[in-house]
Amino acid sequence: MTLSPDNALEVRDLTMAYRDKPVLWDIDLTVPKGILMAIVGPNGAGKTTLIKAILSLHKPAAGQVRIFGKAYERQRRLVGYVPQRGSVDWDFPTSVLDVVMMGRYGSLGWLKRPGRSDRQLAMEALEKVAMDRFAPRQISQLSGGQQQRVFLARALVQQADLYFMDEPFQGVDAKTERAIIDILKELRSTGKTVVAVHHDLQTVPEYFDWVTLLNVRCIASGPVSDVFTEKNLRTAYGGRVAFKSQSAASDTTAEV
Amino acid sequence: MTLVEVLQGLFTDYTIRTVALGSATLGIVSGALGCFAVLRRQSLLGDAISHTALPGVALAFLLTGSRLPLVLLAGAALSGWLGTLTVMAVVRRSRIKTDSALGMVLAVFFGFGLVLMTYVQRTPEAGKAGLDKFLFGQASTLMSADVWTMGVIGAIALALLFLFWKEFKLLAFDQEFGTSMGFPMRVIDILLTTLLVAAIVIGLQTVGVVLMSAMVVAPAAAARQWTDRLGLMLVLSSVFGAVAGVSGALLSSLTERLPTGPTIVLCVSAIVLISLLFAPNRGLVYNWLRSFRQKRDLALDAVLLDLLELAGQHESLRHPHTVATLQSMNGRPRGVPRTLDELKRLGWAEAPAPGLWHLTDKGESKATRRFSELGSVR
């Protein structure tokens with residue numbers, strides 16, 4: 001396998017099974033630095049599982065993952081993670097600022113408490129997602145879009161180079177979606193790489209540079225203009241997608 | 001003894017002081033650790049730990065013949081810890097869900113514990129062993145050696161809780177995020193569970209295995225009602241645990257043959273009840289009052305705006321309108337007379353003659369303001 005530190009992420013032969021059923025089969029991925037990549041695919045395609053396998057949250061049956069050319073265990077500081085916001089209990093007794101500060105725990109390591117500089121980083125991240133007014137607010141009072149922004153801010157303070165985001169646009173209004181995509185583009189402009197699970201096929205060409213079409217197997221992965229084609233989408237979604245196809249592949253739009 | 005004598009005894013009487021200190025210690029420690037159990041939705045884990053600790057107590061006595069609190073509590077801790085790890089292993093390695101695994105393991109260990117206890121009772125030295133107090137708890141048998149043991153174990157548990165505060169918070173709120181940052185969350189989980197075992201074990205002699213889980217769940221659940229901050233919740237929960245522990249232990253010591261465990265549990269239940277009803281924001285009474293006020297405000301607004309609309313159709317603001325007119329405009333006509341009386345009390349409307357109403361100047365400006373506020377909605 002090519003071990004290039006020029007690539008943000010390389011995945012080789014990644015396979016995962018749940019009991020006898022394969023959830024991910026022989027996935028190969030190469031993601032260059034400085035791009036925004038969407039992972040799309042139908043329900044049950046293994047999108048979330050792929051991200052969790054890359055992050056060692058699930059143990060894969062086989063395969064290798066390299067982050068900037070090295071094993072993930074040695075590169076954790078370079079990786080940021082935005083889980084699905086439904087994965088935590090939002091009635092937990094804590095404040096917005098406190099949740100964002102959790103993104104600093106990785107750099108702090110064991111036992112050390114977050115200090116003034118961590119606090120400042122957290123406040124800056126909250127400003128970026130336009131949630132600084134909410135810093136002392138209890139998290140149960142947040143709307144879905146606000147929860148998503150808080151999770152994004154928590155990832156920002158990780159100061160990572162490669163971000164994994166699990167459905168960052170799920171259930172947010174148009175304004176929040178706009179705000180999030182602006183932040184992703186800002187990350188890209190500073191050389192960061194973002195890999196995001198995405199659901200809305202319509203916005204893939206507008207929001208992302210690269211796309212991976214996943215349905216247990218990796219159907220295709222590459223620049224949107226090359227791989228976001230009707231043929232590939234049909235393969236990934238099993239012909240259940242209606243297309244308004246136009247001549248150029250980059251103009252292809254799809255409707256579910 | 002009267003209550004006054006008991007309170008005086010807190011400072012002078014050795015036995016009363018020992019009992020109070022012991023039950024305060026167990027209340028503080030189980031209250032603090034219980035917060036994490038409650039927030040992690042592991043309330044039943046406390047029940048499992050305390051029940052699975054029983055065979056450990058009996059085995060420790062049978063194997064060593066010792067009645068030293070440290071020996072018995074070590075047996076209890078080991079057994080409770082084993083039981084908990086069994087539950088975790090069953091959940092991880094099979095498709096059995098946590099509640100079923102807890103139920104099974106609890107029953108097996110507790111059953112085995114009861115068998116052993118019965119056996120111990122038949123041996124000649126049983127009378128001296130006094131192991132039966134571990135079932136329902138007996139605070140009055142607390143010795144200063146017991147309290148010392150409880151205090152040292154509890155202090156260590158609280159110190160570790162403080163030291164690993166950040167890690168435990170991460171575990172309770174977002175375990176996977178912690179794993180992604182490289183923290184060994186399973187190790188942190190086992191550490192926190194071990195501390196919970198310690199908290200439960202130090203309460204066994206006073207509260208008993210059957211009801212000890214209440215001291216884990218109840219103070220924390222009550223504390224959650226009053227605050228949205230984890231740190232404050234822990235402090236409140238400890239205070240509630242201590243208050244319930246001391247009052248329950250003293251009450252049971254006052255009365256012959258009143259087992260301590262149930263008395264303490266009744267005390268903590270009172271705290272829970274008060275918290276459920278009267279806590280701001282989360283309390284039932286608070287919510288009831290709030291929704292009552294909202295309903296009243298809505299009713300006031302409706303009639304106020306109707307009066308404004310009627311006034312607009314006439315030359316003068318003072319043109320009176322009948323209650324029947326207002327009722328026909330209102331979605332809840334039967335409430336209109338009461339709402340009008342309320343408006344009069346507020347000085348927003350007046351009745352020049354019985355059954356005839358119009359707005360005051362104050363009422364008109366209020367209504368106009370409400371109208372412009374609602375303008376975008378209507």
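Below, each value reflects all heavy atoms present in this structure, side chains not excepted, and no hydrogens, waters or symmetry copies. Convention: sequence-line order gives letters A, B, ...; per-chain numbering from 1.
Residue-environment remark: CZ (Arg186(B)) stays at or below the threshold of 12 foreign heavy atoms within 6.0 Å. Within 6.0 Å of CZ on Arg92(B) lie more than 12 heavy atoms contributed by other residues, nucleotides or ligands. Within 6.0 Å of atom CZ in Arg290(B), more than 12 heavy atoms from other residues, nucleotides or ligands are found, so the atom counts as buried in its surroundings. Within a 6.0 Å radius of CH2 in Trp90(A), other residues, nucleotides and ligands contribute more than 12 heavy atoms. The 12-atom threshold is not exceeded at CH2 of Trp81(B), counting heavy atoms of other residues, nucleotides or ligands nearer than 6.0 Å. Counting non-hydrogen atoms of other residues, nucleotides and ligands closer than 6.0 Å to CD of Gln141(A) gives a total above 12.
How far CZ of Arg282(B) is from CG of Asp91(A): 4.0 Å, rounded to the nearest 0.5 Å. One distance of note links CZ of Arg76(A) with OG of Ser180(B); it measures 7.5 Å at 0.5 Å rounding. In this structure, CG on Leu55(A) lies 10.5 Å from CZ on Phe177(B), to the nearest 0.5 angstrom. For the atom pair CZ (Phe173(B)) and CE (Met102(A)), the distance works out to 5.5 Å, reported to the nearest 0.5 Å.
At a 4.5 Å heavy-atom cutoff, Phe168(B) makes no contact with chain A through either its backbone or its side chain. For Glu167(B), the part sitting under 4.5 Å from any heavy atom of chain A is the side chain, from C-beta outward, and nothing else. For Tyr72(A), the part sitting under 4.5 Å from any heavy atom of chain B is the side chain, from C-beta outward, and nothing else. With a 4.5 angstrom heavy-atom cutoff, Phe183(B) touches chain A only via side-chain atoms. If you measure heavy-atom distances from Val99(A) to chain B, the contacts under 4.5 Å come from the side chain alone. For Ile188(B), the part lying near chain A is the side chain, with the backbone staying farther off; criterion is any non-hydrogen pair under 4.5 Å.
When each of Gly103(A), Pro83(A), Ser87(A), Ser56(A) is checked for heavy-atom pairs under 4.5 Å with chain B, Gly103(A) comes out on top. Note: Val88(A) leads Val79(A), Val88(A), Ile139(A) in heavy-atom pairs under 4.5 Å with chain B. Between chain B and the residues Arg113(A), Gln158(A), Met101(A), the largest count of heavy-atom pairs under 4.5 Å involves Arg113(A).
Checked by atom type and distance alone, the side chain of Lys166(B) pairs as donor or acceptor with a backbone atom of Lys112(A) at under 3.5 Å.
Not counting sequence neighbours, the partners of Asp174(B) by the salt bridge (Lys or Arg N to Asp or Glu O under 4.0 Å) test are Arg154(A).
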Next on the checklist: Let's go through Glu176(B) and Tyr81(A) carefully: what are the C-alpha distance in whole Å and the side-chain angles of both, what is the deciding distance for side-chain contact (heavy atoms from CB on, under 4.5 Å) to 0.1 Å, and is it a yes or a no?
Outcome noted: CA-CA 10 Å; Glu176(B) 283 201 331; Tyr81(A) 176 39; 4.1 Å; yes
Checklist entry - Taking it one step at a time, do Thr94(A) and Leu230(B) satisfy side-chain contact (heavy atoms from CB on, under 4.5 Å)? => result CA-CA 6 Å; Thr94(A) 193; Leu230(B) 183 59; 5.6 Å; no
Next on the checklist: Please evaluate residues Arg229(B) and Asp98(A) with respect to the criterion salt bridge (charged side-chain N to carboxylate O under 4.0 Å, His left out), reporting the C-alpha separation (whole Å), side-chain torsions for both, the decisive distance (0.1 Å), and the verdict.
Outcome noted: CA-CA 10 Å; Arg229(B) 283 166 51 202; Asp98(A) 229 27; over 6 Å; no
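Below 30°, between 30° and 60°, or above 60°: for Phe164(B) and Trp110(A) the angle between ring planes is above 60°, a perpendicular geometry.
Looking at Lys169(B) and Tyr105(A), their side chains come closer than 4.5 Å, going by heavy atoms from C-beta outward. In this structure the side chain of Pro93(A) reaches within 4.5 angstrom of the side chain of Leu39(B), judged on heavy atoms.
Arg41(B) has a carboxylate O that lies under 4.0 Å from a charged side-chain N of Asp89(A), or vice versa, which qualifies the two as a salt bridge. Salt bridge annotation for Arg137(A)-Asp228(B): absent, with no cationic side-chain nitrogen under 4.0 angstrom from a carboxylate oxygen.
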